[in-house]
There are 2 protein chains.
Amino acid sequence: MNKNDLLQGTLELLILRVLVTGSRHGYGIAKRIEQVSGEAFIVQMGSLYPALNRLEAKALVTADWGKTDTGRRAKFYTLTKEGEARVDDERDVWDHYVSAINLVLKNA
Amino acid sequence: MNKNDLLQGTLELLILRVLVTGSRHGYGIAKRIEQVSGEAFIVQMGSLYPALNRLEAKALVTADWGKTDTGRRAKFYTLTKEGEARVDDERDVWDHYVSAINLVLKNA
DNA sequence: TGTCCATATATAGACAATCTTAGTATTATG
DNA sequence: CATAATACTAAGATTGTCTATATATGGACA
């Protein structure tokens with residue numbers, strides 16, 4: 001695990017989580033994740049868009065072209081109902097996962 | 001992320017951690033991880049041995065044939081000096097990783 | 001006692017998911 | 001005009017899963 005690498009699977013959770021606070025375009029999602037993580041995560045564009053497409057394919061987000069603050073064309077992603085529910089699920093999975101890893105790290 | 005799946009990269013950390021407590025053979029390592037994690041992780045043989053081979057290739061563990069308690073032939077894995085140092089490093093990486101994810105999960 | 005199945009143990013190959021790297025394209029702004 | 005903002009894609013690497021195979025041993029049972 002390299003320092004700046006995302007563990008497989010966590011990117012989608014982060015994206016979903018960011019979208020809970022409202023629709024954003026891809027680039028904005030990436031920047032938000034970087035900012036909120038204290039630059040711990042640098043989201044590569046080449047990781048981001050495939051992840052967004054997967055989320056769309058799973059109907060967890062929808063995508064619509066719109067305009068950014070600065071009047072630029074951009075695709076805005078919005079959580080679907082199913083996506084909202086999914087955030088909580090995935091968070092639980094994540095928490096359990098971390099607990100289990102920590103159990104091992106502590107106890108043997 | 002499926003419930004029983006290991007996130008890529010964490011298996012090696014778990015193996016290294018288990019070996020801190022002494023040499024074990026592959027099967028024993030898997031069983032130990034399962035036990036200590038409260039069966040949260042079921043380590044597939046098809047994941048385990050490739051991971052052990054990678055660790056050996058990186059010179060973080062050594063492997064020697066020996067005998068189990070029950071007199072069966074088995075390959076025992078032992079942490080190298082470098083492997084010992086690596087456990088701590090990887091743990092730090094893991095902790096930072098979790099902190100960063102949690103930052104995002106909490107703050108947006 | 002002898003046979004058979006379950007468990008312990010190791011390995012290999014095909015396949016899948018998801019990341020990184022690197023490259024392209026468009027438009028607005030300084 | 002150069003740079004930043006924005007979107008996308010393809011190739012390659014890593015690392016997991018699933019499945020199958022092989023062998024040795026211990027215990028159940030005829």
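Letters A, B, ... mirror the listed sequences (proteins, then strands); counts begin at 1.
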Test of understanding: with side-chain hydrogen bond (donor to acceptor under 3.5 Å, both in side chains), list the residues that count as partners of A:R72, not counting sequence neighbours. none
When all nucleic acid strands are considered with a 4.0 Å heavy-atom cut-off, which category describes A:G46: base, sugar-phosphate, or nothing? base
According to a strict under-4.0 Å criterion, is A:K75 in side-chain N/O contact with OP1 or OP2 of D:dC8? yes
Between C1' on D:dA5 and CD1 on A:I29, what's the gap in Å once rounded to a whole number? 15 Å
A:R54 side chain: which of C:dT11, C:dT18, D:dT9 is closest? C:dT18
Are A:T10 and B:Y97 linked by a side-chain donor-acceptor pair shorter than 3.5 Å? yes
Any protein N or O atoms within reach of nucleotides 22-27 of chain D? Criterion: under 3.5 Å, listing atom names and distances.
unit_1	atom_1	unit_2	atom_2	d
D:dT25	O4'	B:R72	NH2	3.0
D:dT25	O2	B:R72	NH2	3.2

Note: for A:P50 and B:H25 on DNA chain C, the residue whose nearest nucleotide lies more 5' is B:H25
Phosphate oxygens OP1/OP2 of C:dT11: is one of them under 4.0 Å from a side-chain N or O of B:Y49? no
Do A:T78 and A:V61 come within less than 4.5 Å of each other through their side chains, counting heavy atoms only? no
Ranking D:dA7, D:dT9, C:dT9 by distance to the side chain of A:A74, first place goes to D:dA7
Would you kindly give the CG-to-C1' distance between B:L48 and D:dT15, to the nearest whole Å? 13 Å
In whole Å, what is the span from the CG atom of B:L7 to the P atom of D:dG16? 10 Å
Could you tell me which non-hydrogen atom of B:L55 sits nearest to which non-hydrogen atom of B:E12, and how far apart they are? CD2-OE1, 3.7 Å
Can you measure A:I42 atom CD1 to C:dC19 atom C1' for me and round it to whole angstrom units? 15 Å
A:E34 CD to D:dA4 P, straight-line distance once rounded to whole Å: 15 Å
Would you say that more than 12 heavy atoms from the other residues, nucleotides or ligands in this model lie under 6.0 Å from the CZ of B:R24, or not? yes
In whole angstrom, what separates B:W65's CH2 from C:dA8's C1'? 12 Å
When all nucleic acid strands are considered with a 4.0 Å heavy-atom cut-off, which category describes B:L11: base, sugar-phosphate, or nothing? sugar-phosphate
Tightest non-hydrogen contact, residues B:T80 and B:A59, listed as OG1-O, 2.7 Å
Nearest listed nucleotide, side chain of B:M45, among C:dT11, C:dA8, C:dT18: C:dT11
With respect to the side chain of A:Q44, which nucleotide from D:dC18, C:dT21, D:dT9 is positioned closest? C:dT21
Is there a salt bridge (charged side-chain N to carboxylate O under 4.0 Å, His left out) between A:K81 and A:E84 once you walk through the steps? CA-CA 5 Å; A:K81 264 261 176 310; A:E84 283 175 36; 5.0 Å; no
Could you tell me the separation between the CD atom of A:Q35 and the P atom of D:dA5, rounded to a whole number of Å? 13 Å
List the atom of A:A40, the atom of B:A100, and the distance in Å for their closest heavy-atom pair. CB-CB, 3.6 Å
Starting the side chain at C-beta, find the nucleotide from D:dT9, C:dT18, C:dT20 nearest to A:N53. D:dT9
Rounded off to whole Å, could you give me the CG-to-P distance for the A:L52 and D:dA7 pair? 9 Å
